[in-house]
Amino acid sequence: MDALSLEPTLYTVKAVLILDNDGERLYAKYYDETYPTVKEQKAFEKNIFNKTHRTDSEIALLEGLTVVYKSNIDLYFYVIGSSHENELMLMSVLNCLFDSLSQMLRKNVERRALLENMEGLFLAVDEIVDGGCVFSSSMSFDSLTKPTFPSRLDAFKDITLWRTAKLFIPLGVFPILLHYNL
């Protein structure tokens with residue numbers, strides 16, 4: 001083998017895939033040009049699904065790539081790396097993704113629930129892997145929640161509407177207050 005191909009690199013993940021129980025793509029993110037066209041990607045996905053959907057193992061070597069996978073109800077999750085990649089690292093990425101989705105979907109990791117919450121999936125994958133580099137393999141649900149900002153009206157909840165209006169009339173913002181439910 002070429003010495004350059006065995007040098008350590010941060011680019012661990014080549015792709016993250018989620019397929020349904022028919023082998024159809026629900027989510028696919030490729031991080032390099034191993035499969036540059038959609039036609040090649042879909043053929044690769046079909047090949048992976050055909051080789052893995054009937055087995056109970058978690059790791060496969062396919063087309064010179066290391067594939068770690070997990071199935072749940074009607075979904076198949078795949079994390080793909082190069083043939084010399086550490087399988088434990090790829091498996092930790094897969095487990096992190098699955099656990100994050102399981103928390104977001106309240107343990108209801110199935111096709112319908114995933115399709116209804118695709119923005120959460122996009123966020124989870126982007127938080128775990130960026131450009132093929134693994135950022136986190138022990139995700140907590142807290143980092144996936146949207147930030148909340150306190151409302152300016154929170155301070156006025158105990159004050160009557162009239163007293164609040166009197167505070168804002170000089171500022172010219174009284175009409176805005178009429179649209180809020182205090």
Side-chain angles (χ1 to χ4, degrees), residues 1-21 23-105 107 109-111 114-115 117-146:
M1 283 196 147
D2 188 23
L4 292 176
S5 67
L6 297 178
E7 287 184 18
T9 179
L10 293 175
Y11 299 100
T12 306
V13 177
K14 291 189 172 284
V16 175
L17 307 172
I18 300 177
L19 306 177
D20 66 7
N21 57 354
E24 295 297 320
R25 176 193 291 192
L26 297 178
Y27 176 83
K29 177 85 172 191
Y30 288 86
Y31 296 103
D32 68 357
E33 294 298 319
T34 305
Y35 299 99
T37 65
V38 174
K39 184 177 179 182
E40 290 174 335
Q41 291 173 1
K42 290 209 175 210
F44 174 67
E45 292 163 15
K46 268 296 191 208
N47 191 12
I48 283 181
F49 181 76
N50 289 335
K51 301 276 188 201
T52 61
H53 80 281
R54 291 189 185 129
T55 62
D56 290 331
S57 62
E58 298 174 335
I59 300 171
L61 291 172
L62 184 67
E63 297 182 20
L65 298 170
T66 302
V67 178
V68 294
Y69 58 97
K70 176 184 277 197
S71 64
N72 186 52
I73 303 175
D74 57 354
L75 296 174
Y76 292 84
F77 297 85
Y78 298 92
V79 175
I80 299 158
S82 66
S83 60
H84 62 273
E85 202 54 65
N86 184 340
E87 295 88 0
L88 294 176
M89 184 64 182
L90 296 175
M91 188 57 81
S92 69
V93 171
L94 178 65
N95 288 334
C96 181
L97 174 63
F98 185 81
D99 292 345
S100 298
L101 290 174
S102 181
Q103 285 182 348
M104 277 190 285
L105 301 175
K107 308 281 186 207
V109 183
E110 60 181 18
R111 185 179 193 274
L114 184 71
L115 289 174
N117 295 289
M118 288 298 280
E119 67 279 352
L121 168 64
F122 296 147
L123 178 63
V125 173
D126 287 344
E127 289 290 323
I128 298 168
V129 180
D130 185 30
C133 298
V134 178
F135 277 171
S136 175
S137 59
S138 58
M139 182 72 66
S140 69
F141 184 64
D142 296 336
S143 64
L144 294 175
T145 58
K146 295 179 183 176

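One-based numbering along the sequence shown.
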Between Glu24 and Lys46, is there a side-chain N and carboxylate O pair less than 4.0 Å apart? yes
Set out, in order, the CA-CA distance, both residues' side-chain angles and the distance that settles side chain to side chain contact (heavy atoms under 4.5 Å, CB included) for Glu85 and Lys14, then state yes or no. CA-CA 10 Å; Glu85 202 54 65; Lys14 291 189 172 284; over 6 Å; no
Nearest 0.5 Å, please: how far is CG in Leu94 from CG in Asp99? 9.0 Å
To check you understand the geometry: which heavy-atom pair defines the closest contact between Gly131 and Tyr11, and what is its length? O-CD2, 3.2 Å
Please assess Leu17 against Glu45 for the test side chain to side chain contact (heavy atoms under 4.5 Å, CB included), listing each intermediate value before the final yes or no. CA-CA 8 Å; Leu17 307 172; Glu45 292 163 15; 3.8 Å; yes
Sorted by chain and number, sequence neighbours left out, side chain to side chain contact (heavy atoms under 4.5 Å, CB included) with Glu58 holds for Met91
What about Phe49 and Tyr78, are their ring centers closer than 6.0 Å? no
Side-chain contact, heavy-atom cut-off 4.5 Å: Asn117 with Met104? no
Could you measure the distance from the SG atom of Cys133 to the CD1 atom of Ile128? Nearest 0.5 Å is fine. 14.5 Å
Candidate pair Leu90 and Ile80, rule side chain to side chain contact (heavy atoms under 4.5 Å, CB included), full reasoning: CA-CA 7 Å; Leu90 296 175; Ile80 299 158; over 6 Å; no
Test log, rule side chain to side chain contact (heavy atoms under 4.5 Å, CB included), inputs Met118 and Leu114: CA-CA 6 Å; Met118 288 298 280; Leu114 184 71; 4.3 Å; yes
Quick check: are there more than 12 heavy atoms from other residues, nucleotides or ligands sitting under 6.0 Å from NZ of Lys70? yes
Under 4.5 Å between any side-chain heavy atoms of Tyr27 and Leu121, yes or no? yes
State the CG-CG distance between Asn72 and Asn21, to the nearest 0.5 angstrom. 11.5 Å
Test your reading of the model: is there a side-chain donor-acceptor pair from Tyr69 to the backbone of Ser57, 3.5 Å cut-off? yes
Can you see whether Tyr35 engages Glu63 through a side-chain donor-acceptor pair at a distance of less than 3.5 angstrom? yes
Closest heavy-atom contact between Ala15 and Tyr30? CB-CD2, 3.6 Å
Approximate separation, where rounding is to 0.5 Å, of Glu110 CD and Leu75 CG: 8.0 Å
Rounded to the nearest 0.5 Å, how far does CD1 of Ile59 lie from OG1 of Thr52? 13.0 Å
Quick check: does any side chain N or O of Thr66 sit under 3.5 Å from a backbone N or O of Leu61, one acting as donor and the other as acceptor? no
Mutual orientation of the aromatic rings belonging to Phe77 and Phe98 [parallel < 30°, tilted 30-60°, perpendicular > 60°]: perpendicular
Tell me the closest heavy-atom pair linking Gly64 and Ser83, and the distance in Å. O-CB, 3.3 Å
Please round to the nearest 0.5 Å and tell me the distance separating atom OG of Ser102 and atom CG of Leu97. 11.0 Å
